[in-house]
Structure formats: C-alpha cells, structure tokens
Amino acid sequence: MIYLDNAGTTKMFEECVKVHRKFSCEQFYNPSALSTQSMEVSKCISQAESYFLKRLGAKVGNVLFTGCATESNNLAIKGSLRNGDWEYVFSEGEHPSVYNVAKMMELDGLKVHFVPLNKEGKVDLKELEKVLSEKTRLISIMHVSNETGAINDLIAISKLKDRLCPRAILHVDGVQGFMKIPFSLQTTSIDLYSFSAHKIHGPKGVAGLYVKNKGALKELYQGGGQQYGLRSGTENVSGIMQFMKAVELIDERRNFDHVQTLKQKFNSVIMGLKDIKILDFGGSPYIESLIFSGVKGETMLHALNERGVIVGLGSACSSKKAGNRVLDKIGISKDDIISSVRISFNAYQSVEDIEEAGEIILQVYKDILQRVS
Ligand code: PLP
C-alpha cells in the first residue's frame, strides 16, 4: 500500500507506542492530584509545554493541550468573542473547523468578513487591508492550506495587524504548517496558533493551542480549572507525551528537502500524460492536487485504492460533501473540481514508492479512459 493522503492523517511513529505505555500503565497518575507521583506527571506536562513553546519559537505565552485542532480552533475563535461593536475577519480558504464557526457567528448576527483568495490560493492582502480597522477583534487566517498547500505570508499579515488594528487578536490555524514548513512565531504578531499531533506522525486525539496572552482568552467550558482554567478536564497525559515524542523525532530526522524531491519525482512521472493537470501552487511541498479530465476524482480514488494507492479528496472531514469550496474560490472550474484528487506526501516515503505510485496512477487513468471511450 502506498499512502498519499498524509494531509488527512499520518502513520504514527512506532516510538510513540512505548511512550503511551509508560504514561498509561506506569506513570498513569492524575496530574492534578497531590501525591509525589502525580506531581511528577504534572512536571512532565510542564516540560512538554516548554518544549512546544521552544519549538514554536515563542518567547512568551503558554500552550494548551486539547483533543484535536478542531477544538483548538473553536477555543481560539469562540474564546476571543466579546460583546460590543466588534468585527471578525476570516479568509475564504479556512478549514471547516474555522470556516463553519465563522458562518455560525454570521448567522448569530455578528459582523464577519470573509477575505478572498488570490489565484495562488493565498489570502489577498490588498483585500485583507480593506477590512481591517480599529473595530477588528479577531483575524483568523490559516498558515498552509490543507486543500492547495498555499502558504500565507504570516509576516505580512502581522504587519497589517500591527498597523491597522493593534488591539486585534491574530489566530493562525497552523495544522498543515507545524513541523512541515520552517517557521517561528518570533517574527510574527500571532496571538493564537493551533497545531495537531496526528498530522505529524503523533497520535490522534491530542493537539495544541499556543496562547500569547492567557488573559485575552475565555474558556469554552467550566470545570476543574486545569490548564490555567482555559481547558478544564484531566489532561491526556499519554497523548501529550507522545505528541512531544513525535516532534522530537521529526527534529532529529529532519528531512524537509526530501519531500521537495518526492514531489518533483512524482510530478515528472505524472507529466508523462498530458491529460492529467497538476495543480501545484508552489506552496507546501507536502500537498498538491491532480485533475483527471473526463473522470471523477471519486472514481479515481476507488480504482487507485484497489491497486494499492491511497489518495484523498480534499479535506478528509468534508470529503463526503460534494464540491470543494476552496478550489471553487480560487477559480478552478466545476468540471476540474469534480475530477480532482488531493495528493499529500510525508517526509519518510521513498522516491521508489512515490515513482511507483505515479506509474500506477497513470495506468489506472489510462484504463478508465479506455473503458469509458
Ligand atoms: N485545520 C486544518 C488546516 C486541517 O487540515 C485539519 C485537519 O484536516 C484541521 C484543522 C483539524 O484537525 P483535527 O483533525 O486535529 O481536528
């Protein structure tokens, strides 16, 4: 099986299993209790928090551990809402865990702006500039698009915020950027940054939210007051420690350039058939889309699955819904969208596997075209 849906989720590093055992069967204590064993576990969480802050390049602030990035995004946005004549700014390209919150806010009567994307799939900075003002309470713009791999210019966005609405909160959904794209919070004015473990070879069910200023965020649910009162509930200690392990391993085995090579090699095989269009916006090397003229993406997905290649159809959370909002917003035709498939790599795949997947994709497409003609 060759797995090309790594933007959907990734295979967990084997080493995380050992960490899971340690913090579930040995150091299983509740971090909020008062025994020395519990305090030891609590110390491990604090160490993990410091590690993540360092990894993010944050000089100040905290990291909250949540159950998924969907939760981190909801907490960031809903926890920043305030009464008054405020305005909220989102991009048209956001993941459903941000976009659908924004739509809900609009239905609730709040003033919400959706900033369009340019042809490269990035937030149009001129359009962003037009909607920012002293009334802006929150700006929520993603780091890397899960659909196109387009990378937003977070430094330019930070500068706009500093100039036009210094009091606003800047939230970034960093799920497809964290540990994939070289990045540091230090050069930005980001206040909140969401990231998820299962996209970077960690376990499912744990994610993070960087919070620059705890006082500016409100909790979504009340409880025992864990994690500075902002995310009550007993911490997923094993998940947090496995998440940290995954990040450490990526740091050790750093090979981002390899993903660039994988994409190049893959594309040079795919280019062998001119009927396949490659939608590569020159952003993240981890993600691109292929358009198979005359064949539905879903048909390709199932046929490839039978031949041992797993690909994706846009965002995994919404792939059962028709269409693709983000590709539509950047002007890709309806026909092309129906024929599109998302390909996403990981840094630990071999060039041989990727080239083989490319050959299988060509063959499967040719077979389907022959059958329908
Ligand atoms: N944001 C982006 C950009 C994503 O790609 C995803 C997952 O596909 C999420 C948020 C949601 O992440 P999680 O599965 O951890 O809730």
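In this text the structure is predicted, and so the values were computed from the model without any measurement. Heads up: numbering here begins at 1 and tracks the sequence. Just follow the structure's listing: the first ligand is 1, and inside any ligand the first atom is 1.
- A salt bridge links Arg163 to Glu129: one of the charged nitrogens lies within less than 4.0 Å of a carboxylate oxygen.
- Between Tyr51 and Asp251, the side chains place a donor N or O and an acceptor N or O closer than 3.5 Å (distance only, hydrogens not considered).
- A salt bridge links Arg167 with Glu134; the closest basic N to acidic carboxylate O contact falls under 4.0 Å.
- Ligand-side atoms of ligand 1 in range of Met142: 3 (C), range being under 4.0 angstrom from any heavy atom.
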Run the side-chain donor-acceptor check on residues 286-305: report pairs under 3.5 Å with partners two or more places apart or on a different chain.
{"unit_1": "Glu288", "atom_1": "OE1", "unit_2": "Asn267", "atom_2": "ND2", "d": "3.0"}
{"unit_1": "Ser293", "atom_1": "OG", "unit_2": "Asp275", "atom_2": "O", "d": "3.2"}

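- Atoms of ligand 1 lying under 4.0 Å from any heavy atom of Gln176, numbered from 1 in the order shown and given with element: 3 (C), 4 (C), 5 (O).
- Between Ala207 and ligand 1, no pair of N/O atoms sits closer than 3.5 Å.
- Atoms of ligand 1 lying under 4.0 Å from any heavy atom of Ser196, numbered from 1 in the order shown and given with element: 15 (O).
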Report, one line per pair, each donor and acceptor closer than 3.5 Å where one atom sits in a side chain of residues 37-44; sequence neighbours left out.
{"unit_1": "Ser38", "atom_1": "OG", "unit_2": "Asn30", "atom_2": "O", "d": "2.7"}
{"unit_1": "Ser38", "atom_1": "OG", "unit_2": "Ser35", "atom_2": "OG", "d": "3.2"}

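- For the pair Ser97 and ligand 1, the shortest N or O to N or O distance does not fall below 3.5 Å.
- The pair Lys245-Glu15 does not meet the salt-bridge criterion, since no charged nitrogen lies less than 4.0 angstrom from a carboxylate oxygen.
- Interface of His198 with ligand 1, defined as ligand atoms under 4.0 Å from a residue heavy atom, comprises 13 (P), 14 (O), 15 (O).
- In Asp173, the part holding a heavy atom less than 4.0 Å from any atom of ligand 1 is the side chain.
- Residue Lys199 has at least one nitrogen or oxygen atom sitting less than 3.5 Å from a nitrogen or oxygen atom of ligand 1, judged on distance alone.
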